[in-house]
Novice: 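Could you have a look at this structure, given as structure tokens, before my questions?
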Amino acid sequence: MSHDHDDSSGSARHPRGGRRAARRFDDDEPRFLKRTRHATAPAFDTNADTDVPEVGDRWSSWDQAVHGPEPHPEWLVTELAATDTELGVLKTGKEADVHLVRRAVPETDRSCLLAAKRYRDPDHRLFHRDAGYLEGRRVRRSRENRAMAGRTAFGRQMIAGQWAAAEFAALTRLWQVGRELGSIAVPYPVQLIGTELLLEFVGDPVEGEAAPRLAQLRPGPTLLRRLWDQLVDALVVLARAGLAHGDLSPYNLLVQGERLVLIDLPQVVDVVANPGGPEFLARDVRVVADWFVARGLPGDLVDPAALTGQLLREAGLR
């Protein structure tokens with residue numbers, strides 16, 4: 001797990017001590033907060049438009065957004081008469097926050113929960129290590145490259161846009177692969193507007209409780225092995241697509257029942273185009289392998305070097 005929006009209308013209008021520190025697996029140190037309405041500044045700028053719904057915070061922005069792959073899941077509310085209601089914060093991180101949103105059609109039983117991933121204002125973002133991740137994602141125009149390299153306000157906004165667009169593209173591609181092969185699970189990418197992603201909420205759709213992160217669990221031997229096998233399958237699918245997660249850890253893997261779901265892919269790495277791609281891939285393997293071994297998975301089932309070599313071959317690099 002991960003585990004990043006606007007204003008539109010319905011029918012009327014078209015909105016990361018001690019001597020021995022505990023082992024850490026998550027660079028971003030996300031804080032998981034109790035969901036309270038508007039725990040941070042309101043995400044929806046209702047002052048920007050006087051046409052606000054009687055119920056909810058904004059009209060659905062579906063018609064203004066880039067949409068996820070078709071066919072759209074049956075649970076997804078796409079009606080323009082729907083409204084979006086802010087329910088609270090699911091996670092905060094250095095670069096983006098994730099909010100819980102309900103999209104519903106008033107006076108009907110049509111509704112769904114979504115995870116809204118929102119990158120912060122350019123003046124407050126801390127895009128750590130971004131230079132390494134952005135290798136292989138260069139844009140063509142020299143002005144934009146100079147702005148990103150110099151971290152100007154414009155450049156930071158472009159970097160944020162690249163994160164959002166890269167995550168949306170990766171989720172779209174992996175969702176389609178997972179639907180066809182069933183060997184990788186990611187949240188369905190609902191829509192993209194600027195630096196906001198609306199994603200499938202992975203958790204209890206009635207209670208609004210998010211699926212736990214792998215790091216929160218202490219699986220028994222049988223489930224631990226099943227989760228490892230799913231993870232290896234997912235890494236193989238990524239490698240065959242020429243990708244590495246880039247920041248894989250037990251904190252960006254969700255466990256829904258016994259299903260492992262990959263989240264937080266803005267830093268997804270093209271292992272072929274990025275000169276550091278193989279090392280990003282190798283680090284992903286080391287971090288998750290260490291966690292599984294520490295939780296009791298027999299060492300003879302985990303060989304990080306061998307798995308890394310297999311993944312590089314799958315990616316055509318060996």
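Keep in mind that what you see is a predicted model, and the values were worked out from it rather than measured.
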Novice: Any sub-3.5 Å donor-acceptor pair from Asp284's side-chain atoms to Leu248's backbone N or O?
Specialist: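 Checked: pair present.
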Novice: For Leu238 and His245, work out which heavy atoms get closest and say how close.
Specialist: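 Looking at all heavy atoms of both residues, the closest pair is CD1-N, 4.2 Å.
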Novice: Would you mind checking if Glu86 and Arg118 are paired as a salt bridge, meaning a charged N to carboxylate O distance below 4.0 Å?
Specialist: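 A salt bridge is present here (some side-chain N lies under 4.0 Å from a carboxylate O).
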Novice: Considering non-hydrogen atoms only, spot the tightest contact between Pro219 and Trp291 and give its length.
Specialist: CD-CH2, 4.1 Å
Novice: Please check this pair: side chain of Glu167 against backbone of Leu265, looking for a donor-acceptor N/O pair closer than 3.5 Å.
Specialist: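 Yes, Glu167 side chain to Leu265 backbone: donor-acceptor pair under 3.5 Å.
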Novice: Just to verify, which of Leu223, Leu260, Leu297 counts as forming a side-chain contact (heavy atoms from CB on, under 4.5 Å) with Trp228?
Specialist: Leu297
Novice: Can you list the steps and then say if Gln64 with Ile193 is a side-chain contact (heavy atoms from CB on, under 4.5 Å)?
Specialist: CA-CA 7 Å; Gln64 299 180 358; Ile193 295 182; 4.1 Å; yes
Novice: Look at the side chain of Arg283 and the backbone N and O of Pro278, then say whether any donor-acceptor pair between them is shorter than 3.5 Å.
Specialist: no
Novice: So which heavy atom on Gln230 is nearest to which on Glu258, and how close?
Specialist: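 That would be NE2-O, 2.7 Å.
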Novice: If we only count heavy atoms from C-beta on, is the Val255 to Val261 side-chain gap below 4.5 Å?
Specialist: no
Novice: Please indicate whether Arg110 has more than 12 foreign heavy atoms, meaning atoms of other residues, nucleotides or ligands, lying under 6.0 Å from its CZ.
Specialist: yes
Novice: With a 4.5 Å cut-off on side-chain heavy atoms, are Asp97 and Lys91 touching?
Specialist: no
Novice: With distance as the sole test, does Gln216 use its side chain to make a donor-acceptor pair with the main-chain N or O of Arg213 at under 3.5 Å?
Specialist: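 Indeed, once roles are kept as given, a pair shorter than 3.5 Å links the two residues.
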Novice: When you measure from the side chain of Arg318 to the backbone of Arg313, do you find a donor-acceptor pair of N or O atoms at a distance under 3.5 Å?
Specialist: no
Novice: Are any non-hydrogen side-chain atoms of Val269 and Leu243 less than 4.5 angstrom apart?
Specialist: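 They are not in contact (no side-chain heavy atoms under 4.5 Å apart), so the answer is no.
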Novice: Does the pair Arg286/Asp290 count as a salt bridge with the N-to-O cut at 4.0 Å?
Specialist: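 Asp290 and Arg286: not salt-bridged.
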Novice: Do you know the tightest heavy-atom contact between Leu113 and Gly208?
Specialist: CD1-CA, 3.7 Å
Novice: Minimum heavy-atom separation for Leu224 and Arg295, please, with both atom names.
Specialist: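 Reported closest heavy-atom pair: CD2-O, 3.6 Å.
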Novice: Give the C-alpha distance, both sets of side-chain angles, the deciding distance and a yes or no for side-chain contact (heavy atoms from CB on, under 4.5 Å) between Ser61 and Arg103.
Specialist: CA-CA 10 Å; Ser61 53; Arg103 175 167 287 176; 3.7 Å; yes
Novice: Hey, does Val236 have a side-chain heavy atom less than 4.5 Å from the side chain of Leu311?
Specialist: yes
Novice: Report the C-alpha distance between Leu76 and Trp62 in whole Å, list the side-chain angles of each, state the deciding distance to 0.1 Å, and finish with yes or no for side-chain contact (heavy atoms from CB on, under 4.5 Å).
Specialist: CA-CA 11 Å; Leu76 179 60; Trp62 177 256; 4.0 Å; yes
Novice: Do Val77 and Val66 belong to the same hydrophobic cluster, where Ile, Leu, Val, Met, Phe, Trp and Tyr are linked whenever their side-chain heavy atoms lie under 4.5 Å apart, directly or via other members?
Specialist: no
Novice: When you check the side-chain N and O atoms of Arg259 and Gln256, is any donor under 3.5 Å from an acceptor?
Specialist: yes
Novice: Name the one of Leu114, Leu90, Leu87 that satisfies side-chain contact (heavy atoms from CB on, under 4.5 Å) with Phe201?
Specialist: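 The side-chain contact (heavy atoms from CB on, under 4.5 Å) with Phe201 is passed solely by Leu90 among Leu114, Leu90, Leu87.
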Novice: Can you name the closest pair of heavy atoms from Pro187 and Trp175 and give their distance?
Specialist: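 Heavy atoms only, the tightest pair is C-CE3, 4.3 Å.
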Novice: Flag yes if Val105 and Trp75 sit in one hydrophobic cluster, no otherwise; membership is Ile, Leu, Val, Met, Phe, Trp, Tyr, and two members link when side-chain heavy atoms are under 4.5 Å apart.
Specialist: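 No, it is not one cluster - the side chains of Val105 and Trp75 are not joined through contacts under 4.5 Å.
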Novice: Let's go through Asp57 and Thr83 carefully: what are the C-alpha distance in whole Å and the side-chain angles of both, what is the deciding distance for side-chain contact (heavy atoms from CB on, under 4.5 Å) to 0.1 Å, and is it a yes or a no?
Specialist: CA-CA 7 Å; Asp57 294 309; Thr83 62; over 6 Å; no
Novice: Does the plane of the ring in His72 sit parallel, tilted or perpendicular to the ring in Tyr188? Use 30° and 60° as the thresholds.
Specialist: perpendicular
